[in-house]
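Start at 1 and go down the list; that is how both ligands and their atoms are numbered.
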Amino acid sequence: MSLKDLMTMAKPATELRFKALRNVWKDKPLDCLQCMRCTSGCTSLKLLELKPHEIVDLVKFGLVEELLASDTIWTCSTCLKCKERCPQMASPYDLIMSIRNLAVEREAKVPEHYMKAVGNILETGLVQGIQKITTRKMHTLDREALALPKIAYPGDRFKEAFMKALGGG
Ligand code: SF4
Ligand code: SF4
C-alpha cells in the first residue's frame, strides 16, 4: 500500500503535529498557500513519493505519523530550493528536517547510509573518506598527484564536541 493510500485512512495526531512544528514556527509553515512553487523546483521530485507542498499540507492537518514512517523524509537532498522559492517564506526543507529529528527521537528506522555517514564522521571527521579520481584515460589519481593540499583530519577535540552534540558526551 502506498503512502498516499495510507493517508486516506490516517487520523490527525495533535501532539505529533505540535512536535513537528515546534522548531519551525518562525518559518510560518501554516501560511503555506499551496502554490506549489516549492514542488516545481524540487531537485528530488522524481524520488519523493510526496511532494514538498503536500508534506507541508499533511503536517498542517496533523497527519505526521505516516510521514515519520515513510522514506519520503529521507529522500530530500537538502538543496534548500523550496525554501528559496517560497513566496510565503515557509520552508518545506525545515519542516522535513524537523520531522527527521522527530523520527530519530522516536527511534524510527534511519536509512543505513545516514548511519554510515555518522560512523565516518566519528571515525575520521569527514562524511566520507578521501576519494581518488579516474581520468578519461583510466589513470587513477589521488590528491597529491593532482597537486591538491592535504586534508587535515580533525583531532580528538572534534570527536568530543561531536559526541557532546549527539548527547553522548
Ligand atoms: S512554495 Fe511555499 S507557499 Fe507555495 S506550496 Fe510551497 S511551502 Fe506552500
Ligand atoms: S530541500 Fe528537499 S524538499 Fe526542498 S527542494 Fe530540495 S530536495 Fe526538494
**OP:** State whether E65 and K19 are salt-bridged, where the test is any N-O pair (Lys NZ or Arg NE/NH1/NH2 against Asp/Glu carboxylate O) under 4.0 Å.
**Re:** no
Subject >> If only protein N, O or S atoms under 2.8 Å count, total around atom 4 (Fe) of ligand 2 >> reply: 1
Original post:
Under the side chain to side chain donor-acceptor pair (under 3.5 Å) test, which residues partner R37, sequence neighbours left out?
Top reply: none
**OP:** Could you tell me which atoms of ligand 1, counted from 1 in the order shown, lie closer than 4.0 angstrom to a heavy atom of Q34?
**Re:** 5 (S), 8 (Fe)
Original post:
In the protein, what heavy atom is nearest to atom 3 (S) of ligand 1, and what distance, to one decimal place, separates them?
Top reply: L33 N, 3.3 Å
Subject >> Contacts of type side chain to side chain donor-acceptor pair (under 3.5 Å), residue T78, not counting sequence neighbours >> reply: none
Original post:
In ligand 1, which numbered atoms sit nearer than 4.0 Å to a non-hydrogen atom of H53?
Top reply: 5 (S)
Original post:
Under 4.0 Å from any heavy atom of P87, which atoms of ligand 1 are there?
Top reply: 1 (S)
**OP:** Answer yes or no: is there a donor N or O on one side and an acceptor on the other, between the side chain of R17 and the main chain of F61, under 3.5 Å?
**Re:** no
Original post:
Counting N and O atoms only, with roles assigned by atom type, does the side chain of S44 sit under 3.5 Å from a partner on the main chain of S77, one being a donor and the other an acceptor?
Top reply: yes
**OP:** Decide yes or no on side-chain contact (heavy atoms from CB on, under 4.5 Å) for C76 and R100, but give the supporting numbers first.
**Re:** CA-CA 10 Å; C76 162; R100 276 188 193 177; 3.8 Å; yes
**OP:** Pick whichever of C35, C86, S40 has a heavy atom sitting closest to atom 2 (Fe) of ligand 1.
**Re:** C86
Original post:
If you measure from each non-hydrogen atom of M36 to ligand 1, which part falls under 4.0 Å: side chain, backbone, both or neither?
Top reply: backbone
Subject >> Residues clustering with M89 (ILVMFWY side chains joined when closer than 4.5 Å, directly or via others) >> reply: none
Original post:
When you look at N120 and V127, which way does the side-chain contact (heavy atoms from CB on, under 4.5 Å) test go after all the steps?
Top reply: CA-CA 6 Å; N120 282 342; V127 172; 5.8 Å; no
Original post:
Do R85 and S40 get their side chains close enough for a donor-acceptor pair, meaning under 3.5 Å?
Top reply: yes
Original post:
Which residue and non-hydrogen atom of the protein lie closest to atom 8 (Fe) of ligand 1, and at what distance in Å?
Top reply: C32 SG, 2.3 Å
